[in-house]
Amino acid sequence: MRAGERSVRTRLRDHVAASDPGLLRYAAGLRTVGAIALTLAVLALLHADVPHLVAGAIAAMVATFAIREKQRDRQAVTLAVGLPVALASVTLGALLNSRVVVGDLFFVVLIFCAVYGRRFGDRGTALGLIGFQIYFLSLFVGATVPALPGLYGTIAVAFLSSAVVRFVLVPETPEGVLDRLRQAFRARLAQLVSAQLELLDAGPDEIEKALEHVRSGTARLHETAMMIQGRLEDGTSDASVARLLQRRIADAEVAAERLGLLLLTARSTERADTLTLHLPGAPVPSGGHLPVREEATDLLRRDLEVLRVIVLRPVSGEQGTGLAHVRNRLLGYRDEENLPPASPAVKDVFRGIGEAARAVLGLRIALDGPQDESDDTPSTTRSREELDAEDAAIAGAEEGEPEEAAKPTGLDRPTTRAAVQVAVGSALAIVGGEFLSSQRWYWAVLTCWIVFINTASTGEILVKGYRRLMGTVLGVVAGIGLAGLVGHHTWTAFALVLVCVFAMFYTAPLSYTLSSFFVTAALGVLYTLLHTYSMSVLVLRVEETALGAACGVIAAAVVLPVRTARRTDELLVTVLDRLAEVTDAAVGQLSGGADGDLLDKARELDQALAELRAATQPLTHPITPLRARRNTAQYVVALLETCAYHARTLAAAAELLPTHPSIAADPRLRRAGQRVMHNIAAIAARVANEEGAPEVQVETGPSIASLLGPDVTPRYGRITDRVLRHVQRLDEAVMGLARPLGVPVATPER
């Protein structure tokens with residue numbers, strides 16, 4: 001019974017870790033709710049009235065969510081500096097509240113400075129946010145000069161409560177976050193293997209759904225890998241440990257993605273296109289059930305189940321011998337003589353399972369330390385020796401200084417442009433808001449401010465404003481119901497506010513509409529506590545929100561505008577440049593060139609692609625009327641994801657060269673990769689120079705393998721054949737970009 005309870009608890013923990021990597025959303029919500037609850041408890045003991053309780057709750061929330069730095073000492077400094085900033089802001093709010101023109105002008109200047117402060121990093125962003133939100137608090141509670149001493153004490157209690165919760169009750173260290181992210185990576189890797197198992201067993205009517213689960217699992221695993229990448233520097237003891245973990249995460253990600261592609265190919269009558277795994281709605285390759293004998297199917301199913309167990313469970317204790325035996329069998333698939341009888345496509349799947357098992361072994365050693373080697377077979381011993389050699393090579397590698405890109409200046413700097421835009425939009429919102437309500441005009445300003453956060457183009461601001469308005473409308477409806485339930489029961493109301501605040505922070509990374517819904521519902525309850533609740537107030541909230549969103553869009557479209565097309569083109573060029581860097585370095589190393597920071601370059605490519613994917617959201621949003629443009633954007637992003645997958649795989653293969661004698665460099669690969677590099681450069685030049693640029697064309701011709709001659713496979717074996725396959729698929733994917741981007745294709749004459 002106890003074992004069963006532990007099993008249920010373990011599965012629940014793995015599910016939570018996979019759904020919320022690193023428990024970052026849960027910790028953010030818990031920390032904010034804890035700070036508010038502690039503030040309310042302290043103020044209640046001091047017999048504070050309801051307005052001060054509301055002010056304390058808002059100040060505690062701001063003091064908690066504004067700070068985003070990863071190091072605890074930097075968090076403490078920012079929190080300490082933020083307190084005098086908050087006190088100065090509430091003082092100015094109380095002094096200028098009755099001076100309409102001067103107060104409005106100062107509010108616009110404050111907004112400009114708060115946004116401009118983002119150029120100074122996380123601390124500048126936090127202090128600007130604290131200054132703006134506390135000034136907003138003074139307007140919300142109607143602060144006056146005589147009430148300032150009480151508000152000072154309330155804000156001080158809120159900041160101290162936030163510090164206690166952050167550093168004592170719900171502490172967070174870079175090492176702890178990284179450890180939880182690693183657990184999430186293993187949980188999501190196991191979920192992806194489960195989805196691949198579902199793909200194996202899916203019938204003709206179920207394969208679409210199964211393939212969508214594989215796509216989703218692959219994307220979620222990649223997301224977690226990117227999150228780990230962002231925490232390695234702060235969460236590890238030294239650079240060599242960070243590089244080792246980065247390498248093991250990359251190996252596991254590439255092996256898992258390749259296994260899914262091999263499974264899809266085995267189900268098809270022809271080799272599956274990698275694009276199928278990256279393009280939602282892509283046609284499923286033809287083919288029914290797996291075309292193999294029943295014994296091979298059963299063995300494949302059992303091996304995938306074993307792989308999932310190995311991912312999640314350490315090989316130790318009473319179950320170690322059994323798992324070690326099956327793990328040895330999976331690693332044995334890396335040797336040709338250990339493959340079971342099956343078709344060539346299914347043999348590739350078994351090979352993929354062997355490579356995935358090796359990646360999981362390396363990941364296990366990197367995360368949990370050395371394992372018992374008493375039950376190792378020769379195949380397992382070989383895999384361990386390869387991993388040890390890689391570890392030694394990584395530990396001895398010197399990390400070069402990162403190159404700094406040229407930074408924009410003046411009005412081209414994003415923070416300066418955004419500061420000017422939001423200042424103009426806020427000025428419009430103040431004027432329009434005064435016409436709607438001379439008492440609550442600041443709601444329009446708040447919405448205008450919020451729609452500019454984490455946005456970089458007019459289209460992004462339009463989509464965010466739309467989502468804000470939708471969440472507000474739904475939140476008003478919920479606020480009406482909650483206000484009726486609460487009445488004037490103060491602590492019941494605050495309990496509902498805490499629930500809404502937690503839900504707001506937990507859902508914020510998932511859905512901006514949901515986050516806006518919960519914050520609006522909480523505000524409806526706060527209005528009830530301040531005895532200002534009415535149907536007209538909530539309707540006014542919707543009107544002010546719509547006005548603020550409209551002012552933000554107008555300012556973004558008129559003042560120093562960044563069109564969505566321009567933004568996406570700039571990011572597309574960046575992605576192509578990063579793709580060229582990774583491909584050139586990987587092919588160069590595979591052809592005998594010098595070693596490079598391939599994994600770092602691959603992650604820079606992934607980061608650039610993530611930014612492009614976010615920037616295309618206005619083009620791919622379901623409500624967009626431009627269906628053809630939406631389909632083109634989805635197709636281009638999917639092709640780039642396919643290119644990134646093959647580039648990552650080439651980088652991983654190139655990293656194996658120094659430590660694997662079975663993989664030899666081939667100088668002819670450099671010649672084979674020249675066409676790919678030329679085509680990437682041609683497409684980037686076409687996108688970057690729409691007008692006045694010389695005509696550029698991409699080149700096509702014979703297959704990559706034919707450029708190397710007929711003796712490639714017999715001489716270098718299956719590994720070189722796989723490398724050539726990825727270069728060939730990368731070449732095809734780059735060629736696929738030419739048509740939607742309008743780049744002409746030139747076929748060389750024989």
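Remember, it's a predicted structure, so these values are computed and weren't measured experimentally.
Note that CG of Leu572 is 7.5 Å distant from CG of Leu737, once rounded to the nearest 0.5 Å. Atoms CD1 and CG, from Ile310 and Leu189 in turn, are 11.5 Å apart once rounded to the nearest 0.5 Å. With values rounded to the nearest 0.5 angstrom, Leu263 atom CG is found 11.0 Å from Leu211 atom CG. Here the CZ atom belonging to Arg327 is positioned 9.5 Å from the CG atom belonging to Leu330, to the nearest 0.5 angstrom. Atom CG of residue Leu576 and atom CG of residue Leu741 lie 7.5 Å apart, to the nearest 0.5 angstrom.
Residues Leu300 and Ile353 meet the side-chain proximity criterion, which asks for heavy atoms closer than 4.5 Å. Residues Val177 and Leu23 are not in side-chain contact: their nearest non-hydrogen atoms beyond the backbone lie 4.5 Å or more apart. Counting only heavy atoms from C-beta outward, the side chains of Val214 and Thr218 approach each other to under 4.5 Å. Between Arg231 and Leu24, the closest side-chain pair of non-hydrogen atoms falls below 4.5 Å. Contact check for Arg243 versus Arg247: no side-chain heavy atoms found under the 4.5 Å cut-off. When side chains are defined from C-beta on, Thr224 does not count as touching Ile249, because their heavy atoms never get closer than 4.5 Å. For the pair Glu257/Leu221, no side-chain contact is recorded, criterion being any heavy-atom separation below 4.5 Å from C-beta on. Between Val575 and Glu611, the closest side-chain pair of non-hydrogen atoms is not below 4.5 Å.
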Decide side chain to side chain contact (heavy atoms under 4.5 Å, CB included) for Val734 and Thr583; before the verdict, give the C-alpha distance in whole Å, the side-chain angles of both, and the deciding distance to 0.1 Å.
-> CA-CA 12 Å; Val734 171; Thr583 305; over 6 Å; no
Should Thr265 and Asp348 be marked as a side chain to side chain contact (heavy atoms under 4.5 Å, CB included) after you check the CA-CA gap, both sets of side-chain angles, and the distance that decides it?
-> CA-CA 9 Å; Thr265 298; Asp348 276 345; over 6 Å; no
Verdict with supporting geometry, Leu730 and Thr642, side chain to side chain contact (heavy atoms under 4.5 Å, CB included) | CA-CA 8 Å; Leu730 179 59; Thr642 297; over 6 Å; no
Arg220 and Leu192: CA distance, side-chain angles, deciding distance, side chain to side chain contact (heavy atoms under 4.5 Å, CB included) verdict | CA-CA 9 Å; Arg220 284 158 62 88; Leu192 177 56; over 6 Å; no
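Of all the heavy atoms in Ala357 and Leu331, the pair that sits closest is C-CD2, 3.7 Å. Taking each heavy atom of Leu339 and Lys347 in turn, the nearest pair found is CD2-O, 4.1 Å. Considering all non-hydrogen atoms of both residues, Met677 and Ala580 come closest at CE-O, 3.2 Å. The minimum heavy-atom distance linking Ala652 with Asp251 is given by the pair CB-OD1, 4.2 Å. Scanning both residues, Gly22 and Ala184, for their nearest heavy atoms gives N-CB, 3.9 Å. When every heavy atom of Arg248 is checked against every heavy atom of Ala366, the shortest pair comes out as CG-CB, 3.7 Å.
Formation of a donor-acceptor pair under 3.5 Å by the Asp20 side chain with backbone atoms of Arg25 is found in this model.
The pair Glu732-Arg729 meets the salt-bridge criterion, since a charged nitrogen lies less than 4.0 angstrom from a carboxylate oxygen. Using a cutoff of 4.0 Å between basic side-chain nitrogens and carboxylate oxygens, Arg188 and Glu223 are scored as salt-bridged. No salt bridge links Asp600 with Arg603; every basic N to acidic carboxylate O contact stays at or beyond 4.0 Å. In this structure, Arg215 pairs ionically with Glu212, as a charged nitrogen and a carboxylate oxygen lie closer than 4.0 Å. Between Arg258 and Glu355, no side-chain nitrogen of the basic residue sits less than 4.0 Å from a carboxylate oxygen of the acidic one, so the salt-bridge criterion is not met. Residues Glu581 and Arg578 are paired through a salt bridge, judged by an N-O separation under 4.0 Å between the basic side chain and the carboxylate.
The salt bridge (Lys or Arg N to Asp or Glu O under 4.0 Å) contacts involving residues 302-312 comprise Asp303-Arg329, where partners must be two or more places apart or lie in separate chains. Residue pairs that meet the ring pair (Phe, Tyr, Trp, His ring centres under 6.0 Å) test with at least one member in residues 241-265, sequence neighbours left out, do not exist here. Screening residues 340-359 for ring pair (Phe, Tyr, Trp, His ring centres under 6.0 Å) gives Tyr333-Phe350 as the qualifying pairs, with residues at least two apart or on separate chains.
Ring pair His726/Tyr645 is perpendicular by interplanar angle, where above 60° counts as perpendicular and below 30° as parallel.
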